[in-house]
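Along the sequence shown, the residues carry numbers beginning at 1. Small disclaimer: the values here were computed from a predicted structure and weren't measured.
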Amino acid sequence: MTSSVLRPSDRPQVVDDWFLLPAPAPAAHTRLFCLPHAGGDATAFAPLARELAPGIEVWGLRLPGRGARLREVLPADFDELVRQVVGALLPHTHPGIAFGIYGQSFGALLGYEVARALPPGHRPRFFVPASAHAPQRWAAELPEQVDAAALLAATEADRVVAQHAELKALTLAVTGADLALCRGYRCRPGQLPPEVRLHAVVGAGDPLVSGPDLAAWGAVSERPVATTVVPGGHLLAVPTDPGPVELLRSVADLAIAEPLNASMPVSPAAVRSERLPDLDGDLDLDPGGDPDPDRDLDLTDTTFWAGPGVAARIDALRAAAPVRRMTVAGDGPTWAVLSYQHAAQVLGDAESFSSLGGSLLGTSPDGSAPAGSGTMMAFTDPPVHRTIRTPLTPFFNARNTAGYAPRLAEIARQAVEAGLARGEVNFVDAIAPVPLAVMCDLLDIPEADRAKVVALSDRAFLGATPQERRAGHQELIRYLFLHTIAHRARPADDLVSVLATHRMDGSPLPIEDVVLNLDNILVGGVQTVRHTAAMGMLALLRNPRRLQALWDGEIEPADAVDELLRWTSSGLHVLRTAARDVRLGDARIRAGEKVVVWTWAANHDPAQFDRPEELLLDRAPNRHLGLGRGPHFCLGAALAKAELAAIFTALRDQVSSVELIGRPRHNKSIINFGLDELPVRLVAR
């Protein structure tokens, strides 16, 4: 998201589409993020903002589906809304900013879950829920008969909109959508982080919540909870009344005056990491002091990478120790590389960091050489790697890619056209035919076999279960085996024939090694494009201004591709094995130890990328590692970029809008991290 540079002004300001600052106060000591009630908008907090300035700056949350964001779709799932709001907050919260959250009714429930989801270093100092039952009582206290009209009547908002039929209909629709989210909410066990002070408030005339009801908030806080009854009805801060000004000012002052306790985040310098004191010393696990809370963190858990707080968590880990020892289930101790500088060093130095032991975690958990080691491109080092790669390079160079452009544009157009015919689609499936068709062309798959290969590829890549995917992959290998034999017997000038007849040390590559290389090309070609396209579309849907700039032609798809590759980093990690003792930053790595470059972490390193958590489609320079670096830089990089550009060009040319109609679902792969489901509605131009 784009962070606006705030300047003193009497005029309201909008930041990142998500926040309205009714009374900007750049010198304020505290930020107050205000979350509106069901059907409400950030403009309700304008009087409150003027009263609290200049000491407290109000940031009103602008939710989708109302006000200036009327055309945007409100998430159909409460957890997805929480994720979006957390993502919006992260760029504007860090240890140097004291802030709190105030939420009214529906906004109080949202504020509670957001406060729980924010990672260390980005948590509020205080939380003030207003006019709301405690989360664990929410479902029971929201009667079925309370619909949008009844809620408007209870809040007296119906008197405001009664004279305007269109406004009333719109307000009812938005309120109903928010209520639907509320009805789907289920409270999960847990409490607010201990550093968050909680003070619940309710209006004396509230017809839905009473003073005694507030005591239940004590169950979700580790600290004593204060409650207050103030004059007013169900809604306290409204366009005609600032609400509990003195209460909020008092709570903020108390919270800011309170020293940070031991449970609060500490500076990176204070976070202990595993280090080696000198090149001649033994491995020092630094037994003194408190244990590192992140030592047992499992980076192979895809829920970590899909979580809303991943950027802040990685930033904290990187700042504490950019190269750190971590245990990976099935692979044992590894060195995790989280910074761009050290990642580039590992990927660029094949003499020190070898690919012979495999390029991915899980390749060879027992430590033995994986199948294809020394003969499969991904599992070779120079000069052998160069020997296999060189004859294949012409098939992927810029000249051949440019000549393939008309065919590629037609494949993309057909895929989008088919998606439009269905209307509501899983975007992942809708664009999958593009890379699959490209690979069929590249691997000289006969027209009569393409339906079979596409079906096998679908099973191998998109199967519902691991067993189904494995069976599909085995069938695909068998097909490629026969395909290779045929091309070795009757070679032509295609890629398969070139590889099938390629000789190393005077002898042809073994058939099984040719097949493994072809399978690697197929997997890389399909997965990188499919997951980058789907994750890229999700990123654009969450950054509507960027999507509109792309659709309006302000930025060409070909120019946006590198940023989408950086942002998504679908090739989540790369494995290398130390070929000799080597120092990487402060870590001494011994020969034979596994080193894992976490590509996403490197591609979001603020030391390399300005504002890395913003999707800047025209970012330049953009030397991301999404396609690798050094000897193993992606062989099909130019083709992959051309495919992505063709997909988004076809979408721009044929589709007027892409609407998210359900909850995206991430896959469980740390090899090709992406989405299994991205339900969208495609609307034709």
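- Residues Asn603 and Asp605 fail the side-chain proximity criterion, which asks for heavy atoms closer than 4.5 Å.
- Neither side chain, Gln548 nor Arg545, offers a donor N or O lying under 3.5 Å from an acceptor on the other.
- Residues Trp598 and His573 meet the side-chain proximity criterion, which asks for heavy atoms closer than 4.5 Å.
- Checking side-chain atoms of Ser569 against main-chain N and O of Arg566 turns up a donor-acceptor pair under 3.5 Å.
- Classified by interplanar angle (parallel below 30°, tilted 30° to 60°, perpendicular above 60°), the ring pair Tyr102/Phe45 is perpendicular.
- Relative ring orientation between Phe19 and His92 is described as perpendicular, the plane-to-plane angle rising above 60° on a 0-90° scale split at 30° and 60°.
- Of the possible donor and acceptor atoms, none in the side chain of Thr568 sits under 3.5 Å from a partner among the backbone N and O of Gly536.
- Using a distance-only test at 3.5 Å, with no hydrogens or angles considered, a donor-acceptor pair links the side chain of His122 to the main chain of Thr93.
- Not a single donor-acceptor pair under 3.5 Å links the side chain of Asn672 to the backbone N or O of Gly571.
- Ring-plane geometry between Phe127 and Tyr112 is classed as tilted, the angle between the planes lying from 30 to 60 degrees on a 0 to 90 degree scale.
- Look at Arg422 and Asp429 and you find no salt bridge, because none of the NZ, NE, NH1 or NH2 atoms lies under 4.0 Å from a carboxylate O.
- With hydrogens and angles ignored, the 3.5 Å screen pairs no side-chain donor or acceptor of Gln13 with any backbone N or O of Leu21.
- At distances below 3.5 Å, at least one donor-acceptor pair connects side-chain atoms of His133 with backbone N or O atoms of Leu208.
- By the 4.5 Å heavy-atom criterion applied to side chains, Ile101 and Phe126 are not counted as neighbours.
- The backbone N or O of Ala237 lies less than 3.5 Å from a partner atom in the side chain of Gln104, making a donor-acceptor pair.
- Between Leu651 and Phe427 there is a side-chain heavy-atom pair separated by less than 4.5 Å.
- In this structure, Phe673 has its ring center closer than 6.0 angstrom to the ring center of His666.
- Using a distance-only test at 3.5 Å, with no hydrogens or angles considered, no donor-acceptor pair links the side chain of Arg31 to the main chain of Trp59.
- Here the side chains of Thr43 and Pro22 are not in contact, with every heavy-atom distance at 4.5 Å or above.
- Looking at heavy atoms from C-beta onward, Ser210 lies out of side-chain contact with Val202 at the 4.5 angstrom threshold.
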